[in-house]
Each structure stands twice: as structure tokens, then as C-alpha cells.
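What follows is a short report on a single structure.
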Amino acid sequence: IRVVILVEQLDEHVRTDLMERIGEHWDDGDIILRSGSPLNGAHLQRVALSAAAAILIPGGTERDKDPSLRDAAAVKTLLSVAAHPGLLDGTMPPRVVAELHDARLAAIVERAHPGMMELLPGDTMVARLMAQNLRHHGLSWVLDELLAFKRGNEIHYPEVPGVVGETFADVARRLQGGVAIGLVRPVGRSYDPLLNPDAAERIRATDRLVVITRARQDVKLGPPLDPL
């Protein structure tokens with residue numbers, strides 16, 4: 001996976017800060033920094049927008065004390081992406097994952113991008129995680145590992161050949177290198193998570209497995225098992 005980051009004010013301090021945060025996982029060949037504004041079409045071309053598999057839009061910056069300003073910045077970025085010349089010829093827009101501070105604006109924000117999009121209401125997610133941690137002692141240790149980058153096991157949805165048409169139970173038993181916990185299925189312009197699905201659920205061509213694993217490249221389907 002190659003990550004290209006667009007930074008409005010790019011200098012050596014930004015690069016050094018990122019290297020310190022990422023640590024030993026930093027790779028000059030896989031993490032590329034470009035200067036520019038997401039509201040400028042020419043600057044978006046610097047990150048090869050039309051060839052991107054996915055676009056991540058964080059919810060503004062700490063300088064925007066008013067959360068509504070952060071959401072406004074996300075909407076402007078989505079409109080800029082949708083109007084990019086490289087996407088006006090009928091090319092399918094890249095998948096977008098955008099952070100939203102006010103979940104009530106979701107319906108409005110979804111109109112700003114014509115392609116597949118997933119909105120993450122940051123405050124709502126944090127509140128729900130805190131509530132679950134209060135209810136279930138020790139859950140914070142599990143979430144810290146699953147949601148942290150390169151710290152033990154993580155949640156991935158890798159491409160696994162040979163699973164289409166198989167039941168979830170059969171795939172879960174045969175899976176090597178990870179533990180299958182569900183599926184994600186495209187529904188309209190978003191995705192529907194099917195965690196702990198019925199054992200007889202058939203995996204469709206557009207489905208992706210949700211797997212807990214240390215490395216997504218280690219996940220593969222093993223040989224058929226003998227019937228019990």
C-alpha cells in the first residue's frame with residue numbers, strides 16, 4: 001500500500017513529526033508527502049487523485065476550535081474532489097472515508113460526493129467506545145490492540161481468493177493466518193457490516209471478509225476440510 005499525504009504547509013518539521021509518530025514502520029517509498037490544498041484541482045493532481053483506491057479526509061485541524069468549521073472543511077474537500085477534471089469523464093470516483101464531527105449533518109455531506117463513501121462521526125464513535133469500556137471491564141485492552149497501528153493484531157478486510165459462493169462457516173474454519181469475524185457488503189453508496197453472520201451465509205462476489213490478523217498478506221484460504 002502506498003500512501004500520499006497532501007499537506008498545505010509542507011516543511012521538514014512536518015516530515016520529521018510524521019517519522020517520529022510512525023517510527024520503525026516509516027518507509028520513504030510507501031509514504032509520500034506533497035504540498036498543496038485539497039481545494040485546488042491542480043494540487044489534487046499532485047497526489048494522483050483519479051488513480052487513488054481510497055481518499056481519507058480527516059476532520060479539520062486543531063486550529064478550527066469550532067467543530068462546524070471542521071465539517072465545513074470536509075464538505076469543501078468533497079466538492080473539490082467531485083469536481084476534479086480527472087473524474088468528469090465518467091471515471092468511478094475513489095472511495096472516500098471522511099471524519100464528521102456532527103453526525104446530524106451526514107445526510108447533507110453525503111450529497112457532496114457521487115461515489116462510495118463512509119462517514120465517521122468522530123465524537124459519536126468516541127462516546128460509544130467510552131460507554132462500552134465502562135460496561136465491560138478490560139475491553140480497553142482489546143480495543144487498544146485492534147484499533148492501534150502495528151500493535152499486535154488488527155482488523156483487516158483482505159482479498160481472499162476462493163471464498164465466493166462458500167458459506168461463512170466453511171471459510172472461517174479453513175482460513176489461515178487470521179480469524180474471520182464477519183463480512184462487509186456494498187449497499188448503495190456505502191457498506192453494510194455483517195459481523196458474526198449466520199453460519200450458512202453465502203459469500204458474494206462483492207463481499208469482503210473482515211479478519212483479525214497481524215498482517216493481511218498472511219491471510220489465505222486453506223484446503224477443504226474433511227466433513228465431521
**Message:** Considering only residues two or more places apart or on different chains, which pairs with a residue in residues 21-33 satisfy salt bridge (charged side-chain N to carboxylate O under 4.0 Å, His left out)?
**Reply:** R15-D28, D17-R21
**Request:** Check I203 against V163 and note the closest heavy-atom contact, atom names and distance.
**Result:** CB-O, 3.6 Å
**Prompt:** With a 4.5 Å limit on heavy-atom distance, are the side chains of V179 and V211 in contact?
**Reply:** no
**Message:** Can you confirm whether the side chains of H156 and E154 place a donor and an acceptor under 3.5 Å from each other?
**Reply:** yes
**Complete:** From the list L33, I32, V14, side-chain contact (heavy atoms from CB on, under 4.5 Å) with I5 holds only for L33
**Asked** Do Y157 and L209 come close enough that some side-chain heavy atom pair is under 4.5 Å?
**Response** no
**Prompt:** So, are E201 and R185 salt-bridged, with charged N and O less than 4.0 Å apart?
**Reply:** yes
**Asked** Just wondering, do I181 and N196 contact through their side chains at under 4.5 Å, heavy atoms?
**Response** no
**Message:** To check you understand the geometry: which heavy-atom pair defines the closest contact between T124 and A103, and what is its length?
**Reply:** OG1-CB, 3.9 Å
**Prompt:** Do N133 and L143 come within less than 4.5 Å of each other through their side chains, counting heavy atoms only?
**Reply:** yes
**Request:** Determine whether F168 and D198 make a side-chain contact, defined as any pair of heavy atoms from C-beta on separated by less than 4.5 Å.
**Result:** no
**The single option from V210, D218, V219, T213 passing side-chain contact (heavy atoms from CB on, under 4.5 Å) against P158** = V219
